[in-house]
Trainee: 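Quick one: this structure, given as structure tokens, is what I'll be asking you about.
By convention in this document, chain letters (A, B, ...) are assigned in the order of the sequence lines, proteins followed by strands, and residues within each chain are numbered from 1. These values consider heavy atoms only, across backbone and side chains, with no hydrogens, waters or symmetry-generated copies.
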There are 2 protein chains.
Amino acid sequence: MTDALSLHPPARRQPAIRQGNASAVLRAVLAHGSAARSEIAAATGLSAVSVGRQVTDLIGAGVLRELSPVGAELGRPRVPLEIDLHGHRVAGIHIGLHRSSLGVTDLRGNLLRRIELTHDSTEPRPILEQAAQAVETLPERPIGLGIAVGGWVQPIDGTVVENDALGWRNVEVGTLLRERTGVPVWVESNVRAMALAESWLGGGSQAASLAYLFVGNVIGAGIVIRRALHRGPQGAAGAIAHVPLSDRGVTCQCGREGCFQALASDAAVLARADELGLDGTRDLAGLIAIARGGNTQAQGLLRRRARHVGEGVALLIDLLNPELVVLAGSGALDAPEYLKDLRQEASAKAHTDFEAERLIVPSSFGADAIVVGPCGLVLDAVYQRPTELIHPRPARRLSA
Amino acid sequence: MTDALSLHPPARRQPAIRQGNASAVLRAVLAHGSAARSEIAAATGLSAVSVGRQVTDLIGAGVLRELSPVGAELGRPRVPLEIDLHGHRVAGIHIGLHRSSLGVTDLRGNLLRRIELTHDSTEPRPILEQAAQAVETLPERPIGLGIAVGGWVQPIDGTVVENDALGWRNVEVGTLLRERTGVPVWVESNVRAMALAESWLGGGSQAASLAYLFVGNVIGAGIVIRRALHRGPQGAAGAIAHVPLSDRGVTCQCGREGCFQALASDAAVLARADELGLDGTRDLAGLIAIARGGNTQAQGLLRRRARHVGEGVALLIDLLNPELVVLAGSGALDAPEYLKDLRQEASAKAHTDFEAERLIVPSSFGADAIVVGPCGLVLDAVYQRPTELIHPRPARRLSA
DNA sequence: CGCATTAGTTACTTTCCGAAAGTACCTTTC
DNA sequence: GAAAGGTACTTTCGGAAAGTAACTAATGCG
């Protein structure tokens with residue numbers, strides 16, 4: 001008898017209701033910045049009684065906090081509630097090739113601390129040991145740890161199945177760090193982690209579905225549908241790097257012509273600059289500087305890249321019709337003056353109608369996306385199942 | 001205060017639990033063909049008591065049926081339960097250009113009756129009136145009516161926003177048919193309806209996510225993720241017709257080169273046959289006949305088309321990593337001898353690894369997909385919220 | 001025929017939500 | 001300045017759902 005649980009939403013018990021409603025209350029506060037119990041009740045459709053109970057528990061758990069009452073024209077003043085920004089800490093680590101970045105946020109995803117960890121070797125053990133030590137030396141113990149890595153990740157058990165840059169195969173990152181630190185750990189591909197964070201905390205906080213496109217030295221997409229990541233059974237969803245664009249003439253490493261990545265990655269743009277004999281184009285920042293200095297060839301290259309990215313965005317829009325497209329990586333953030341070209345191309349190539357300024361936006365985290373992303377993995381768990389991660393203490397009324 | 005309900009799963013009450021568990025029980029039976037209460041309990045994780053209660057209600061509602069007990073090696077024999085195939089009827093209508101097709105299925109989606117309705121005019125009123133009359137003359141009143149139409153459909157209120165072939169704009173199909181027949185009505189784009197039916201009843205019954213690709217005179221995709229259709233806010237998701245393939249040299253109606261549809265639609269293939277001066281290629285069936293007769297040019301055209309479709313499939317696989325890709329339309333079903341080429345091309349172009357024979361399959365409904373699809377809209381509602389559509393009668397034990 | 005074994009049901013408990021009623025705190029009015 | 005009225009929140013209680021424990025049902029085996 002095969003297991004129907006894996007295919008379908010599981011059977012519900014009463015605790016699931018409680019948790020679902022705690023989540024609804026928490027998300028209502030998150031969405032409104034701060035909200036009184038009565039406002040939460042209106043937003044969620046729950047009764048005032050039920051909201052009151054949930055709030056009491058969430059305050060006891062250190063997730064919500066009461067603010068001073070705000071008098072209305074008439075009647076008893078409301079007591080606004082906000083996410084408790086001092087109660088709990090969340091940690092996230094992006095593991096890169098030569099360095100990893102550790103970030104610590106509050107429950108709203110505000111970045112409080114960012115620590116860079118450099119490593120010469122790419123051996124998994126030393127890197128993970130370094131990461132674990134960094135987490136342990138934090139002044140406050142985080143309630144959860146999110147790990148974002150490139151390559152192919154199996155998020156269920158937190159295994160990095162394959163990462164060519166680091167040369168990792170089947171590294172059990174989740175298990176190792178969980179045992180080493182004693183903190184709950186989530187592991188996810190870096191693009192997907194950033195997509196999820198953007199969906200909860202960034203521009204996507206009003207959108208149920210979102211497509212996230214990262215364009216840097218590699219290109220990848222993260223897909224959020226109904227507030228959850230879509231990974232695919234192999235965790236391979238979002239592999240947009242090798243779709244063919246309408247432009248041709250460039251051969252990709254994969255052997256085919258006109259792949260998105262072969263046209264629009266940092267390396268591709270720099271290689272093109274090299275061909276043209278442009279000086280000072282070691283890295284993309286150099287090329288952008290030259291373009292800003294007035295070099296029309298460099299400007300042309302960056303504009304061309306923006307158009308390529310725009311075409312990739314058009315593809316995502318037509319196929320997924322997301323409520324929001326969030327852009328990140330050097331391709332969107334380092335030279336925002338080309339966003340106009342990007343949006344124009346996306347509008348021209350897509351067959352769906354949309355308002356480009358509203359639909360296609362750069363990441364709200366900028367260069368911090370890389371560490372806010374993994375923290376978002378933990379926050380996703382907190383927002384969806386608040387009582388699981390944070391156990392409510394025998395709550396007590398806090399208002400004087 | 002904006003409404004958080006639209007963005008997030010709604011707050012849960014007790015009736016939602018009941019319904020969710022009724023759905024889980026029903027789906028377990030559906031997945032296993034037939035299952036005893038004890039097996040359902042094992043599959044869903046629910047207690048035997050709870051399963052018993054749900055089953056009693058579902059039998060009372062005419063959804064489940066007890067079979068004769070089956071003796072095991074030891075102990076009391078199990079009483080298998082199956083979906084009641086004689087209890088309720090479900091109707092679905094595909095509205096086409098010159099004719100519509102009405103289908104009637106049982107609760108398992110077995111097609112019991114198919115009626116063709118021809119119409120000369122494309123006026124909405126007469127067509128819908130004809131449809132309503134056909135539904136009313138059925139020997140049994142269906143519990144729900146699914147409508148599948150081409151073009152742009154707003155499923156929430158059942159409005160056909162735009163259908164160029166029929167010349168419809170903002171036709172309130174759902175409201176009109178609901179008022180006329182008194183039967184609950186669902187309206188959805190035809191590709192998405194078929195995708196949903198395939199997900200519940202066809203090859204996708206074991207898959208939580210599925211990509212459905214229809215290739216006929218038009219090309220479109222339906223995306224099912226976590227057992228639910230992904231429509232996008234504008235209902236535009238799945239617009240794969242105009243993505244560029246690697247092949248060039250054909251200009252699409254949309255003005256660009258190498259669009260999927262310009263390369264692989266029925267019309268595109270026939271136009272190409274015409275250019276080559278092939279005789280007897282009025283329609284695709286003719287071309288296939290000629291190819292089967294040994295004409296190598298015709299064979300080449302069909303093989304080329306299969307490869308183009310394969311490339312489209314590769315795109316869906318890389319972007320969505322679905323558990324299953326289901327093919328339908330003339331492009332996949334009429335000449336299955338080219339499936340091999342299609343799969344080969346998909347494997348070659350996709351960067352994700354997969355077993356092509358298992359991942360890429362033709363629709364299990366064949367030519368009936370067009371009417372089983374809209375029935376699937378109703379069945380989706382039955383399986384997800386069983387007690388909503390079918391009210392349980394004061395149930396009574398049925399075993400002797 | 002008693003016994004082990006499995007299937008399913010009945011009786012009771014626990015846990016959740018919601019409605020009604022009560023308390024808190026503010027403004028307005030006389 | 002005390003009473004009236006209005007809104008925010010809490011306490012009390014009843015209903016609904018699932019779960020546990022104990023029971024009955026049906027079968028095979030010695």
Trainee: From B/S205 OG over to B/H32 NE2, what is the distance, rounded to the nearest 0.5 angstrom?
Mentor: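 If I round to the nearest 0.5 Å, the distance is 10.5 Å.
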Trainee: Just how far, in rounded Å, is C1' of C/dT9 from CG of B/L46?
Mentor: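 So the CG-C1' distance, B/L46 to C/dT9, works out to 16 Å.
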Trainee: Could you tell me how far apart B/R37 (CZ) and D/dT24 (P) are, to the nearest whole angstrom?
Mentor: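 From B/R37 CZ to D/dT24 P: 19 Å.
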Trainee: Is B/R108 positioned over the aromatic face of B/W200, cation under 6.0 angstrom from the ring centre and no more than 45 degrees off axis?
Mentor: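 B/R108 over B/W200 ring: no.
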Trainee: Among C/dA19, C/dG8, D/dA8, which nucleotide sits nearest the side chain of A/R78?
Mentor: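 Of all the options, the side chain of A/R78 is nearest to D/dA8.
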Trainee: Of all the choices, D/dC9, D/dT27, C/dG8, which nucleotide is nearest to the side chain of B/P77 once you look at every atom?
Mentor: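 Closest of the options to the side chain of B/P77: D/dT27.
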Trainee: Nearest to the side chain of A/S38, which nucleotide is it out of C/dA19, D/dG19, D/dC9?
Mentor: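 Nearest to the side chain of A/S38 among the choices is D/dC9.
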Trainee: Could a donor-acceptor pair under 3.5 angstrom be found where the side chain of B/R53 meets the base of D/dA18?
Mentor: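 Such a pair exists between side chain and base.
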Trainee: Within the structure, does a side-chain N or O atom of A/Q54 lie under 4.0 Å from either OP1 or OP2 of C/dC16?
Mentor: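 For C/dC16, OP1/OP2 do not have a side-chain N/O of A/Q54 under 4.0 Å.
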Trainee: Checking B/Q384 against B/R27: is there a side-chain donor and acceptor pair closer than 3.5 Å?
Mentor: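 B/Q384 and B/R27 do not have a side-chain donor-acceptor pair below 3.5 Å.
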Trainee: Quick check on DNA chain C: between B/A48 and A/S47, whose nearest nucleotide comes earlier from the 5' end?
Mentor: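 Mapping each residue to its closest nucleotide by heavy atoms, the 5'-most match is B/A48.
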Trainee: Atom CG of A/L74 and atom P of D/dG5: how far apart are they, to the nearest Å?
Mentor: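 Spelled out: CG on A/L74 to P on D/dG5 is 12 Å.
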Trainee: Can you measure B/L81 atom CG to C/dG8 atom P for me and round it to whole angstrom units?
Mentor: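 These atoms are roughly 8 Å apart.
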Trainee: Take the protein atom CD of A/E66 and the nucleotide atom C1' of C/dA24, then report the distance between them rounded to whole Å.
Mentor: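 To the nearest whole Å, that distance equals 13 Å.
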Trainee: Let me know the distance between CG of A/L67 and P of D/dC9, rounded to the nearest Å.
Mentor: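 Taking atom P of D/dC9 as the reference, CG of A/L67 is at 12 Å.
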Trainee: Taking the nucleotide of DNA chain C with the nearest heavy atom to each, does A/R18 or B/P80 sit closer to the 5' end?
Mentor: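 Result: B/P80.
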Trainee: Does any donor atom in the side chain of B/T387 or B/Q19 lie under 3.5 Å from an acceptor atom in the other side chain?
Mentor: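 Yes, a side-chain donor-acceptor pair sits under 3.5 Å.
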Trainee: To the nearest Å, how far apart are B/I59 CD1 and C/dT9 P?
Mentor: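 These atoms are roughly 9 Å apart.
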Trainee: Could you check A/V49 against B/A22 and say which one's nearest nucleotide on DNA chain D is further toward the 5' end?
Mentor: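 Closest to the 5' end, via its nearest nucleotide, is A/V49.
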Trainee: Taking 4.0 Å as the cut-off, does a side-chain nitrogen or oxygen of A/N21 come that near to OP1 or OP2 on C/dC17?
Mentor: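 Looking at the OP1 and OP2 atoms of C/dC17, one of them is under 4.0 Å from a side-chain N or O of A/N21.
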Trainee: Base, sugar-phosphate, or nothing for B/Q19, non-hydrogen atoms under 4.0 angstrom?
Mentor: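 Nothing, no nucleic acid heavy atom in range.
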Trainee: Rounded to the Å, how far apart are A/I17 CD1 and C/dC16 P?
Mentor: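 The distance from CD1 of A/I17 to P of C/dC16 comes to 9 Å, rounded to the nearest Å.
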Trainee: Is A/R178 salt-bridged to A/E172, cutoff N-O under 4.0 Å?
Mentor: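 The answer is no: the pair does not qualify as a salt bridge.
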Trainee: Taking donor-acceptor contacts at under 3.5 Å, does the side chain of B/R76 reach the base of D/dA26?
Mentor: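 No, no donor-acceptor pair under 3.5 Å.
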